[in-house]
Amino acid sequence: MKSAGKPAWRSDSPVEPANWSDFRDHLSTADREGRRQWLYPRKVSGRFFRARTWLSWLLLALMFAGPFIRINGNPLLLFNVVERKFVILGQIFWPQDMIMFAVALLIFITSILVFTAAYGRLWCGWACPQTVLMEMVFRKIEYWLEGDSHRQRALAAAPWTAGKLAKKLGKHAIFFGLSFLIGNTLLAYIIGTEQLFKIVTDSPARHVEGLTFMVLFTLVFYAIFARFREQACTFICPYGRFQSTVLDENTIVVAYDYQRGEKRRPWRRTQTFEERRAAGLGDCIACRQCVAVCPTGIDIRDGTQMECVHCTACIDACDAVMARIGRPLGLIRYASLNGIERGEPLKVTPRLVGYTGVLIGLTLLLGFLVFTRSDVQTTLLRAQGALFQRMPDGHFSNLYTVRVVNKTSREIPLELRLESPPGDLQVLGRDIVAPPGGHVETSLLVELDPKVMKSGTTPLVVGVYARGQKLETLKSAFIGPRND
Ligand code: SF4
Ligand code: SF4
């Protein structure tokens, strides 16, 4: 049996043992046996925390109200992968708009690259739903019920009593209820609020699939916020890993000013900072407050690390310490490596210019695609298996199938006109009316005089009109006899 504290490594193993004195060689949240070390980050307060709190209220309001906000009758955002229907800022996108969607995705990825290259993981600390919900909702509930970190540790170590059981059950009941709310909000972004209300109000037997997803999403969010927590950022989210390929020495990150802070040593009240300087000591008094508040359990004084979600808690904690000991704030601050080493301000590097150029180009392309996007998408195909027919008056006819996708949220009555060559076009059945956000399919009969027909195949041009305005031009072929 392995003794605690010794690495699980055999001398004949080809794998190098972890160097436990090097922070890069092991996880801050696992012990030598690989067991998870549960984190109890200390409560934080300060100017960044206050700003993040205000922003979080705005983001949470947007997140939960999002599915109910309507623009021109359409939801603000909808990602209905089941029906392959997407709505962004009230604009409906169909699979036919895939190019536009791909460009929008490229813009999204490029803007992340530009943003990360310049400002590091600002998104993670300030706006990522995982951080906002974990730090501003679930963590605060935990502090409210179980107290600050030292009380939480004591509660965890205490024997099970009725009081401890009530606290734990109460906390997990609230966490589960919140996870249900978050899961349903996500579901509303996927299937829409109308469909979600149907699932909730109809007989459960009619919505087994929807209810399954409801339970699944609830359990996933409960697991993330009650159990996985920082592991969702350090193990699951690819962004943290990907950032190392984008950051450089000019990127603004949450950084410890080691030039000013080192050598770190505890501070004696009898000692002035001039005396500390003379003794080769820096402003860091090794109080570890920055480590105590970190929700991912790392020590920012070791340098930029993949686990750092740039939540700014360590900045606030260190600023409070600096204020207490009468030293300038900002020993831990937003800065670049060059800023800390050479006092350089944010530089616009060729890489940043390149990313920005690509971003502007893609945005212009998207603007062009959106601007020239038609309200309808029509396809005109010759009816399967049909060739041509000779009419009693000597004219020839071809049968076609027309399919119209309406990309708007209003009904569109359509008219089809044969534009070239001259001939007759008849819609078989009722008039074509494309339903909002839906599609309609019907058959067309085109008759041509042999005088305007070419041998074999004659090019055909059909105009699609709505209220007298041309929306699209369709091209197809009219099949006739060959003049051999
Ligand atoms: S909070 Fe500031 S002074 Fe204290 S250990 Fe961290 S960096 Fe040093
Ligand atoms: S090192 Fe600082 S900014 Fe990074 S996660 Fe920890 S507390 Fe937040």
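Counting starts at 1 for both ligands and their atoms, in listed order. Everything quoted here is computed from the prediction, not taken from an experiment.
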Checklist entry - Looking only at protein heavy atoms, which one is nearest to atom 5 (S) of ligand 1, and how far off is it? => result Arg288 N, 3.2 Å
Checklist entry - How about Phe235: does its CZ atom have over 12 heavy atoms from other parts shown lying under 6.0 Å from it? => result yes
Checklist outcome for this item: ligand 1 atoms nearer than 4.0 angstrom to some heavy atom of Met322 are 3 (S)
Checklist entry - Side chain, backbone, both or neither: which part of Arg264 has a heavy atom under 4.0 Å from ligand 1? => result neither
Next on the checklist: So for atom CD, which belongs to Glu249, do other residues, nucleotides or ligands contribute more than 12 heavy atoms lying within a distance under 6.0 Å?
Outcome noted: yes
Item to check | salt bridge (charged side-chain N to carboxylate O under 4.0 Å, His left out) partners of residues 229-239, not counting sequence neighbours, each pair once | outcome: Arg36-Glu230, Glu142-Arg229
Next on the checklist: Return the closest protein heavy atom for atom 8 (Fe) of ligand 1 as residue, atom name and distance.
Outcome noted: Cys284 SG, 2.3 Å
Item to check | Ion pair Asp202/Lys198, N-O distance below 4.0 Å | outcome: no
Checklist entry - Is the backbone of Gln259 close enough, under 3.5 Å, to the side chain of Asp257 for a donor and an acceptor to pair up by distance? => result yes
Checklist entry - Looking at Cys287, which atoms of ligand 1 are within less than 4.0 Å of one of its heavy atoms? => result 1 (S), 3 (S), 4 (Fe), 5 (S)
Next on the checklist: Less than 2.8 Å away from atom 2 (Fe) of ligand 2, how many protein N/O/S atoms can be counted, ignoring water?
Outcome noted: 1
Taking only distance into account, with no hydrogens and no angle test, what donor-acceptor pairs under 3.5 Å do side-chain atoms of residues 273-286 form with protein atoms, sequence neighbours excluded?
unit_1, atom_1, unit_2, atom_2, d
Glu275, OE1, Thr272, N, 3.0
Arg276, NE, Gly282, O, 3.0
Arg276, NH1, Arg265, O, 3.1
Arg276, NH1, Pro266, O, 3.2
Arg276, NH2, Arg265, O, 3.0
Arg276, NH2, Gly282, O, 2.8
Arg276, NH2, Cys284, O, 3.1
Arg277, NH1, Leu281, O, 3.4
Arg277, NH2, Arg260, O, 3.1
Asp283, OD1, Arg327, NE, 3.1
Asp283, OD1, Arg327, NH2, 3.4
Asp283, OD2, Arg260, NE, 2.7
Asp283, OD2, Arg260, NH2, 3.2
Asp283, OD2, Arg327, NE, 3.3
Asp283, OD2, Arg327, NH2, 3.4

Next on the checklist: Under 2.8 Å from atom 2 (Fe) of ligand 1, can any N, O or S atom of Cys318 be found?
Outcome noted: yes
Item to check | salt bridge (charged side-chain N to carboxylate O under 4.0 Å, His left out) contacts touching residues 55-78 (sequence neighbours left out) | outcome: Arg70-Glu194
Checklist entry - Under 6.0 Å from the CH2 atom of Trp144, do we count more than 12 heavy atoms belonging to anything else shown? => result no
Next on the checklist: Among all the protein's non-hydrogen atoms, which is closest to atom 3 (S) of ligand 1, and how far away is it?
Outcome noted: Ile285 N, 3.5 Å
Checklist entry - Considering only heavy atoms of Arg301, which atoms of ligand 1 have at least one such atom less than 4.0 Å away? => result 5 (S), 7 (S)
Checklist entry - Just by modelled atom types, is the Thr379 backbone N or O under 3.5 Å from a matching donor or acceptor in the Glu472 side chain? => result no
Item to check | Neighbour count above 12 (heavy atom, 6.0 Å) for Lys140 NZ | outcome: yes
